[in-house]
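Have a look at the structure below, then the notes.
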Amino acid sequence: MQKRSDLMLKGAERAPHRSLLRAGGFTDRELEKPIIGIANSFNEVIPGHTHLDKLVEAAKAGVYAAGGTPVVFNTIGVCDGIAMNHYGMKYSLPSRELIADSLEIMAMAHPFDGLLLMASCDKIVPGMLIAAARLDIPSIFISGGPMLPGRIEGKEAGLDKVFEAVGRLKSGDIDENELRQFECEACPGAGSCSGMFTANTMGNLAEALGMALPLNGSIPAVYAQRMWLAKETGHHAVELVKKGIRPRQIMTQQAFENTIAVDMALGGSTNSALHIPAIAYYADVDIRLDDFGRIADKTPHLTTIAPAGPHHVIDFFYAGGVPAVMAELEKKGLLHAGEMTVTGLSQGDLLKSIDAGIKDKAVIRPIDKPVHPTGALAVLKGNLAPRGAIVKQAAVAQEMLQHAGPARVFHSEEAAFEAIVGGKIQVGDVIVIRYEGPQGGPGMQEMLSPTSALAGMGMDKQVALITDGRFSGATRGSAIGHISPEASARGPIAAIEEGDIIEIDIPKRSLNLRLEDDEIQARLSRLPEFEMKVKTGYLARYARFVSSADKGAVFPK
């Protein structure tokens, strides 16, 4: 079998190349086997990554046991929680493309036969899957797994409760000592924050896409099963090379539709509406925000995981995880069961082989008794969002599903946050945060601080928030993001003036400004040309090339 790695290993003219590899300790026997590049995003900053140095050793053992040779290299990673609510958050989404670029560079400069992608957290997971789609080299993904929830006053809690506690402190509901208790006890150790936030959403959706082994997204980071899974992932990395199975054979139109369906059933992060279209785009599959709306309207919401419910990802693991959800969807014909997976089996055959099913109906509901009859996310359109906007409807209070109120306009997340904690927002207001889109931000900041402050102050059932930016997977309340076109592209959100009435109707999927179209266009025509906020460096380059949110915030091919 001719191997891709022959480009750097075979023939007399490659003696210098082999000499350099020997300097790294590789033997003749190792260089004759399939070379598996392991992209590892281990670092000591992000709790979802601090244990990957140990997990990678298990993956290497799996590669060796299957007859391959593992070669480890590293990528960067941004912790969205630590980057939140300051300038650093502008770099989070842009890091996704940089991660994909770095994997492309490594895999092309050193032609590995296959790739094993190991990462946790918000932009690193989709960044690696984008690289797999672009490179189309036999590839498999494993995440670091979810964090265990903390316990505060006898109740389970995650990072979302710490952000909300800040709002509770500002409103006088708790004191500094109680805030410190949340700070010290909500995040007990390694792993991606314990709810179905963006990191765990993407870890679970990697299974639905077919690019990761069963329970990849839900086995806790600190469990022995995570080590077992890493070894099995290493084994399958070698098998994929031997069988010649490549990512684009797995990442098909139907596979992405499966992924969106599982996302709707899970109640995942709204950020999935950025990442799934982006991965598809680089795989030459056309997935848009409209596809989320179409699939959401026919897919029931089956889980009650934070922030949309009381449970955490560990509960989801014990309830059966993604395989249980997919088995339920298959019962109603909502799954393309014939799609290939990294196991070499179709999704349907894989579910049968592991006897997938619900083990706790309080956490994963049967499809005939869903939490909600339609998907957890909803796509809204109207004169404020001609190309769409996204909301996690499963995390919106009943009384806020329909709302009309006066606009309170801010040109940055920071300004809005100061107004919220400063008591300047009134019941019924609609907070507008604009010029925070992919280009306008630049970088499309994640806005957990303002939404959590509203929740902590008890205003999430009284105030709505709309933005051309995005939200954390931990956000709850009437928080509508990804409004497209964004303000910097003269989208209608740029025309809103203080006090204008904004009408939100989530059941009817509409988002409108109570103005005639002629007046909206007249206001837009009077706006000065948008001036980039950042003039140099990576963010300036990113802003020049990035697309709107409805297309996944991607670069031209």
Side-chain angles (χ1 to χ4, degrees), residues 1-43 52-53 55-77 97-119 124 127-142 211-212 230-251 279 282-284 342 344 555 557:
M1 178 183 74
Q2 186 172 8
K3 305 197 302 325
R4 190 170 179 271
S5 59
D6 288 346
L7 290 170
M8 64 177 172
L9 295 174
K10 195 168 185 178
E13 67 276 14
R14 296 295 184 257
H17 307 62
R18 294 192 296 272
S19 181
L20 290 166
L21 288 164
R22 291 182 195 283
F26 292 99
T27 65
D28 282 342
R29 185 170 294 157
E30 287 176 307
L31 297 180
E32 290 167 0
K33 296 176 179 179
I35 308 296
I36 306 298
I38 301 182
N40 182 17
S41 56
F42 164 77
N43 62 57
L52 296 187
D53 57 337
L55 197 65
V56 78
E57 293 302 319
K60 287 169 65 178
V63 171
Y64 274 124
T69 298
V71 182
V72 180
F73 62 95
N74 286 89
T75 67
I76 63 165
E97 264 56 33
L98 200 60
I99 289 162
D101 288 348
S102 70
L103 264 67
E104 178 182 336
I105 288 169
M106 289 298 292
M108 296 305 291
H110 318 98
F112 306 123
D113 296 301
L115 290 172
L116 189 156
L117 313 172
M118 181 178 292
I124 306 97
M128 288 195 175
L129 291 173
I130 284 170
R134 277 162 44 175
L135 289 163
D136 205 28
I137 298 164
S139 302
I140 188 169
F141 174 76
I142 179 172
M211 288 297 296
K231 291 178 181 178
E232 284 299 308
T233 301
H235 171 84
H236 282 285
V238 179
E239 289 299 305
L240 286 167
V241 172
K242 291 178 178 178
K243 294 174 182 176
I245 298 175
R246 293 173 288 104
R248 292 196 186 194
Q249 294 171 270
I250 296 170
M251 295 186 190
I279 299 165
Y282 291 113
D284 289 332
V342 287
F555 286 174
K557 293 177 189 175

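These numbers come from a predicted model, not from an experiment.
- Salt bridge status for Glu57 with Lys60: present, with a side-chain N to carboxylate O gap under 4.0 Å.
- Taking the side chain as every heavy atom from C-beta outward, Val342 and Ile245 never approach each other to under 4.5 Å.
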One pair to check against salt bridge (charged side-chain N to carboxylate O under 4.0 Å, His left out): Lys557 and Asp284. What are the steps and the verdict? CA-CA 10 Å; Lys557 293 177 189 175; Asp284 289 332; 2.5 Å; yes
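- Distance alone, capped at 3.5 Å, is enough to place a donor-acceptor pair between the Ser139 side chain and the Ile137 backbone.
- One distance of note links CG of Leu9 with NZ of Lys3; it measures 6.0 Å at 0.5 Å rounding.
- Among Val63, Leu116, Val238, the single residue meeting the side chain to side chain contact (heavy atoms under 4.5 Å, CB included) criterion with Pro70 is Val63.
- In terms of heavy-atom proximity, Leu52 sits nearest to Ala119 at CD1-CA, 4.2 Å.
- A 4.5 Å side-chain heavy-atom check between Tyr64 and Lys231 finds every atom pair outside the cut-off.
- Met108 contributes atom CE, which lies 12.5 Å from atom CG of Leu103 (distance to the nearest 0.5 angstrom).
- How far CG of Leu21 is from OG of Ser19: 9.0 Å, rounded to the nearest 0.5 Å.
- Shortest non-hydrogen contact noted between Gly25 and Glu30 is O-OE1, 3.7 Å.
- Gly11 and Arg18 make their closest contact through O-NH1, 2.7 Å (heavy atoms, listed as atom of the first residue, atom of the second, distance).
- To the nearest 0.5 Å, atom CE of residue Met128 and atom CE of residue Met118 are 9.0 Å apart.
- When atom types are taken as modelled, the side chain of Arg134 and the backbone of Glu104 share no donor-acceptor pair closer than 3.5 angstrom.
- The CZ atom of Phe73 sits 5.0 Å away from atom CE of Met106, with the distance rounded to the nearest 0.5 Å.
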Arg14 and Asp6: CA distance, side-chain angles, deciding distance, salt bridge (charged side-chain N to carboxylate O under 4.0 Å, His left out) verdict: CA-CA 9 Å; Arg14 296 295 184 257; Asp6 288 346; over 6 Å; no
Evaluate Tyr282 against Met251 for side chain to side chain contact (heavy atoms under 4.5 Å, CB included), listing each step before the verdict. CA-CA 10 Å; Tyr282 291 113; Met251 295 186 190; over 6 Å; no
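- When every heavy atom of Thr75 is checked against every heavy atom of Ser102, the shortest pair comes out as CG2-OG, 4.0 Å.
- Crowding of Lys33 atom NZ: a count of heavy atoms from other residues, nucleotides or ligands under 6.0 Å exceeding 12.
- For the pair Ala237 and Ile140, the tightest heavy-atom approach, listed with the atom from each and the gap, is CB-CG2, 3.8 Å.
- Residues Gln249 and Gly244 share a closest heavy-atom pair of OE1-O, 3.2 Å.
- A 4.5 Å side-chain heavy-atom check between Thr69 and Pro34 finds every atom pair outside the cut-off.
- Residues Ile36 and Val71 are not in side-chain contact: their nearest non-hydrogen atoms beyond the backbone lie 4.5 Å or more apart.
- Contact of the Asp28 side chain with the Arg22 side chain is registered, since non-hydrogen atoms from C-beta on lie closer than 4.5 Å.
- Salt-bridge formation is not detected for the pair Arg4/Asp113: no Lys NZ or Arg NE/NH1/NH2 atom is positioned less than 4.0 Å from an Asp or Glu carboxylate oxygen.
- If you take CD1 on Ile130 and CG on Leu117, they are separated by 12.0 Å, rounding to the nearest 0.5 Å.
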